[in-house]
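Inspection log for the structure reproduced underneath, given as structure tokens.
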There are 2 protein chains.
Amino acid sequence: MNAGPATGRPSTKERIVTAGAELFRRQGYTGTGLKQIVAAADAPFGSVYHFFPGGKEQLGAEVVRTSGAAYGRLFTAAMEAAPDPVTGVRDFFAGAARTLVETGYADACPIATLALEVASTNEPLRQATAEVFTGWITLGTAAFAAAGIGARPARELTIVLLAALEGAFVLARALRSTEPLEAAGESVAARASALLGSPDAGRG
Amino acid sequence: MNAGPATGRPSTKERIVTAGAELFRRQGYTGTGLKQIVAAADAPFGSVYHFFPGGKEQLGAEVVRTSGAAYGRLFTAAMEAAPDPVTGVRDFFAGAARTLVETGYADACPIATLALEVASTNEPLRQATAEVFTGWITLGTAAFAAAGIGARPARELTIVLLAALEGAFVLARALRSTEPLEAAGESVAARASALLGSPDAGRG
DNA sequence: ATCGTTCTTGATAGATCGCTCTAGCGATAG
DNA sequence: CTATCGCTAGAGCGATCTATCAAGAACGAT
């Protein structure tokens with residue numbers, strides 16, 4: 001498996017976080033064991049407690065923050081690459097749908113499964129997920145505000161976007177269909193379009 | 001243990017399903033042990049395997065179907081009690097927000113946590129969640145169609161409603177705030193209003 | 001009263017969980 | 001060389017998990 005070419009292999013800690021992120025996202029927090037993570041990361045078990053003295057919980061928190069930040073950058077990139085926010089929204093939902101299909105409906109939101117699991121059972125992890133969501137809201141609000149939408153509606157639009165995206169992920173993974181992502185994306189695009197005046201009325 | 005009051009106590013099987021529903025909803029599927037369920041249900045451990053020979057998985061499937069059907073009736077009741085669909089949507093989201101606050105942000109969607117957990121790891125349970133979601137879509141589509149919306153947009157509106165609701169639950173539980181439910185509810189109400197002509201433009 | 005069925009009961013098996021612990025490797029400093 | 005330090009390495013602990021099993025209680029039918 002490992003083989004071990006000396007060239008450019010990520011550090012043990014990075015491999016653990018990466019493997020943890022992938023497994024938590026697909027199977028949830030309680031559904032993923034540390035032994036499974038180190039096996040996937042091709043790392044020794046003891047290294048987990050070397051890098052994360054706080055154990056599984058600390059690893060979970062780091063995974064949440066790391067993959068949350070990465071997903072935020074994905075959103076920002078989509079918005080910046082698009083000619084206007086409405087197109088940006090459409091592209092982002094379309095990209096999410098593509099990823100979902102390509103991974104067999106496994107890779108959706110990197111933290112949603114964990115977030116629901118820990119919301120009422122693990123306060124430190126709940127806070128980590130809250131910080132990520134808050135960061136995304138700030139990010140989106142800024143992006144829409146930069147396009148000329150007022151601060152208040154920009155924030156509302158961002159929250160609606162995130163809710164529609166997360167919920168569409170839930171439905172899409174369960175139904176094994178991209179229809180929810182398409183409907184949600186079109187709905188959010190239409191609302192963004194309305195808030196921008198109406199340079200692009202969409203076909204919704 | 002059991003004893004007691006001969007008067008009107010639910011059957012052992014019912015108590016197990018009820019306790020399982022509450023715990024799965026709050027802690028997820030893998031995060032809830034059978035022992036915890038029978039303790040909460042005040043039932044003997046062996047009874048689980050008497051009523052559910054298929055074990056935890058069969059219990060999970062029954063819980064999903066039972067609480068999924070109950071939640072569907074809740075939606076239908078809200079829509080039928082309201083004078084028009086737009087008000088019905090608003091009332092439904094407002095009721096969900098109230099329940100969430102009253103339970104300390106614990107009781108949101110009865111099956112969403114489990115749905116995300118099992119979507120890529122347990123095919124029978126994934127199918128159970130898919131059937132529930134499909135049932136809700138059918139229900140909502142019929143309700144909106146009855147109010148005069150065409151079949152195709154009624155289905156799209158229902159999917160957007162469910163996605164917005166589920167996603168708002170994710171954000172609300174993590175952030176411990178009802179803001180996502182309010183924004184999502186208003187957004188869906190506005191879309192419903194637009195599809196109905198515009199008897200109720202909302203304040204969105 | 002005797003049987004058969006349904007349901008209750010909890011001890012226990014076997015596997016896996018998160019976590020601790022000690023030993024050792026390899027590179028760098030004195 | 002020896003010493004130190006960051007990291008690797010995995011055996012093993014107690015707890016907990018799902019699941020099985022055998023025995024007994026409750027109850028209707030005959």
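Note on naming: letters A, B, ... go to the chains in the order of the sequence lines (proteins, then strands), and numbering restarts at 1 for each one.
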Measure the distance from OH on Tyr29(B) to P on dC17(D) and round it to the nearest whole Å. 14 Å

Send over the distance from Glu57(A) CD to dC17(C) C1', rounded to a whole Å. 16 Å

State whether Tyr49(A) places a side-chain N or O below 4.0 Å from either non-bridging phosphate oxygen (OP1 or OP2) of dC19(C). yes

Within the pair Ser47(A) and dA9(D), is there a side-chain N or O less than 4.0 Å away from OP1 or OP2? no

No-hydrogen, no-angle side-chain donor-acceptor test under 3.5 Å, Gln58(A) and Glu62(A): no

Whole angstroms only, please: what is the CZ-C1' distance between Phe51(A) and dT8(D)? 9 Å

Measure the distance from CG on Leu59(B) to P on dC17(D) and round it to the nearest whole Å. 15 Å

Interatomic distance, Phe45(A) CZ vs dA23(C) C1' [rounded to whole Å]: 17 Å

Will you find, in the side chains of Thr30(B) and Glu117(B), an N or O donor that is under 3.5 Å from an N or O acceptor? yes

So Ser11(B), base contact, sugar-phosphate only, or nothing? Heavy-atom distance under 4.0 Å. nothing

Just checking, is any N or O donor in the side chain of Thr121(A) or Gln27(B) under 3.5 Å from an acceptor N or O on the other one? no

Separation of dA26(D) P from His50(B) NE2 (nearest whole Å): 16 Å

First encountered from the 5' end of DNA chain D, between Lys56(B) and Gly46(B): Lys56(B)

Between dC19(C) atom C1' and Gln58(A) atom CD, what is the distance in whole Å? 14 Å

In Å, rounded to the nearest 0.5 Å, how long is the span from CZ of Arg73(B) to CG of Leu139(B)? 10.5 Å

Regarding Thr30(A), tell me which of base, sugar-phosphate or nothing describes its non-hydrogen contacts under 4.0 Å with the strands shown. nothing

From dT18(D), dC7(C), dT9(C), pick the nucleotide closest to the side chain of Leu34(B)? dT18(D)

In whole Å, I'd like the distance from the CG atom of Asp42(A) to the P atom of dT8(D). 11 Å

Ser120(B) side chain to Arg173(A) side chain, donor-acceptor N/O pair below 3.5 angstrom: yes

Considering only side-chain heavy atoms of Lys35(B), which listed nucleotide, dC19(C), dC7(C), dC17(D), is closest? dC17(D)

